[in-house]
There are 2 protein chains.
Amino acid sequence: MARQKHRQDGQCPVARSLEQVGDAWSLLIVRNAFDGMRRYGEFLDDLGIARNILADRLRRLVEAGILEQVAAADGGSHSEYALTRRGKDLFPVIVGLRQWGEAHLYGKGERHSKLVARADGKPLPPMRPLGRDGRPLEADDTLVKRIA
Amino acid sequence: MARQKHRQDGQCPVARSLEQVGDAWSLLIVRNAFDGMRRYGEFLDDLGIARNILADRLRRLVEAGILEQVAAADGGSHSEYALTRRGKDLFPVIVGLRQWGEAHLYGKGERHSKLVARADGKPLPPMRPLGRDGRPLEADDTLVKRIA
DNA sequence: GAGCGGGGTTGTATTTTAAAACCGGTGAGA
DNA sequence: TCTCACCGGTTTTAAAATACAACCCCGCTC
């Protein structure tokens with residue numbers, strides 16, 4: 001489903017993004033990559049994903065330029081998967097999903113991992129879209145301008 | 001795939017979020033809802049999704065508290081689907097996907113729809129996670145603190 | 001009461017995912 | 001050097017999700 005053509009999807013960047021990362025596994029792999037995970041076996045163990053699916057997703061993510069295969073950091077014979085610039089730019093997407101989940105998907109007292117600033121160890125404030133004046137924008141303050 | 005259990009997914013808000021919206025259709029429906037779309041037939045025509053899948057996704061989104069069914073605005077007999085507070089809070093996720101797509105998935109000169117501020121009609125600056133001091137944070141400036 | 005549009009449900013074919021067995025290359029130890 | 005794990009996959013087969021088309025129900029209009 002992340003790979004089919006809809007009506008006018010060339011036009012909408014959201015749709016085009018979802019063609020590349022619009023399945024749960026891809027974004028979970030990317031999330032783990034942000035946490036420093038780099039090896040096939042690590043992803044396999046952590047995610048509990050089927051081996052063939054993991055291989056397929058890694059291949060797609062490499063093809064999409066989100067991950068790249070690099071020689072192992074420890075000089076071993078295997079290769080590792082590292083986020084490219086393009087992959088790192090997915091950070092706001094991951095943060096958005098994380099903060100939405102934190103805000104809406106946990107009961108009071110139910111614990112979860114937290115994203116904190118490395119500098120002070122404190123949680124990040126909610127990420128919000130800002131206008132050019134630096135003030136937060138709600139969805140109602142924006143509109144999608146379709147191309148002519 | 002958006003609906004299975006991984007190793008320790010209760011813990012990670014990203015995983016939990018993706019259980020609810022981790023497939024392309026759900027987020028495309030939400031995207032369209034942000035654009036003011038409210039009716040089954042509108043989603044059907046715009047997305048080119050299969051009818052049964054659309055019905056299923058709308059049902060799930062309602063169950064998840066992201067959409068709610070409300071009486072039609074025009075007093076007709078059918079009902080419409082509107083974003084709840086929880087659904088509206090997905091705005092940063094959609095914006096994140098949109099801006100990533102805009103930045104990485106279009107060739108020079110290739111046109112796409114744009115998200116603009118309603119006030120001045122101008123595109124939004126890139127949304128970025130901010131630290132408590134208001135300065136943008138890169139992924140490397142953060143870490144995920146797992147719960148004890 | 002026939003026709004029609006909206007909003008679905010119900011089959012059934014096709015595609016994707018999952019699970020598990022298998023395979024090839026490297027490196028360590030006997 | 002032989003073999004024995006281990007890592008990183010591929011292949012095979014089963015199960016599930018998706019797509020597509022046909023059908024159905026309801027309220028409305030004519």
Side-chain angles (χ1 to χ4, degrees), chain A residues 1-9 15 18-30 32-33 36-64 67-82, chain B residues 1-9 15 18-30 32-33 36-64 67-82:
Chain A
M1 247 257 322
R3 332 284 178 198
Q4 82 306 315
K5 309 287 166 276
H6 314 120
R7 176 134 324 198
Q8 34 165 312
D9 274 8
L18 287 173
E19 277 177 34
Q20 314 240 352
V21 295
D23 71 283
W25 288 129
S26 295
L27 283 175
L28 287 174
I29 290 167
V30 169
N32 281 4
M37 203 169 280
R38 300 169 66 90
R39 290 177 53 176
Y40 178 90
E42 292 180 297
F43 291 115
L44 193 66
D45 292 346
D46 184 79
L47 295 173
I49 186 178
R51 308 178 74 91
N52 53 344
I53 304 300
L54 175 59
D56 179 74
R57 290 301 180 279
L58 289 171
R59 184 166 35 238
R60 285 183 196 272
L61 288 169
V62 169
E63 278 169 15
L67 297 178
E68 60 183 344
Q69 267 187 299
V70 299
D74 64 359
S77 60
H78 61 275
S79 62
E80 302 189 338
Y81 297 90
Chain B
M1 243 257 322
R3 330 285 179 198
Q4 81 306 317
K5 309 286 166 276
H6 316 120
R7 175 135 322 199
Q8 34 165 310
D9 274 7
L18 288 172
E19 277 177 35
Q20 314 239 353
V21 295
D23 71 283
W25 287 130
S26 294
L27 283 175
L28 286 174
I29 290 167
V30 169
N32 282 5
M37 202 168 282
R38 299 169 65 90
R39 290 177 53 174
Y40 179 91
E42 292 179 296
F43 292 115
L44 193 66
D45 291 346
D46 184 81
L47 295 173
I49 186 176
R51 307 178 75 91
N52 52 345
I53 304 299
L54 175 59
D56 179 73
R57 290 302 179 279
L58 290 172
R59 185 165 34 240
R60 284 183 196 273
L61 288 168
V62 169
E63 278 170 15
L67 297 178
E68 60 184 344
Q69 267 187 298
V70 298
D74 65 358
S77 60
H78 60 276
S79 63
E80 302 189 337
Y81 296 91

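Lettering of chains follows the sequences in order, A, B, ..., and the numbering in each one begins at 1. Both backbone and side-chain heavy atoms feed into the values below; hydrogens, waters and symmetry mates do not.
Between the CG atom of Asp23(A) and the P atom of dA17(D) there is a distance of 15 Å, given to the nearest Å. Here the C1' atom of nucleotide dT10(D) and the CG atom of Leu44(A) are 14 Å apart, to the nearest Å. The interatomic distance linking Arg57(A) (CZ) with dG9(D) (P) rounds to 15 Å, in whole Å. What separates CD1 of Ile53(A) from P of dT11(D) is a distance of 14 Å, to the nearest Å. If you take CG of Leu54(A) and C1' of dC7(D), they are 13 Å apart, rounded to a whole angstrom. Straight-line distance from the CD1 atom of Ile49(A) to the C1' atom of dA16(D): 16 Å, rounded to whole Å.
Between Arg59(A) and Asp56(A), the closest side-chain pair of non-hydrogen atoms falls below 4.5 Å. Under the 4.5 Å side-chain criterion, counting only non-hydrogen atoms from C-beta, Leu44(B) is in contact with Arg51(B). Under the 4.5 Å side-chain criterion, counting only non-hydrogen atoms from C-beta, Arg39(A) is not in contact with Met37(A).
With no hydrogens or angles considered, a side-chain donor-acceptor pair links Gln69(A) and Tyr81(A) at under 3.5 Å.
Distances shorter than 4.0 Å separate none of the side-chain N or O atoms of Trp25(A) from OP1 or OP2 on dT16(C).
Residues Gln20(B) and Ala64(B) share a closest heavy-atom pair of OE1-CB, 3.0 Å. Heavy-atom minimum distance, Phe43(B) versus Ile49(B): O-CG2, 4.4 Å.
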How does protein reach along nucleotides 5-13 of chain C, written 5' to 3' as B (base within reach of a heavy atom under 4.0 Å), S (only sugar-phosphate), or - (no contact)?
-SBBBBB--

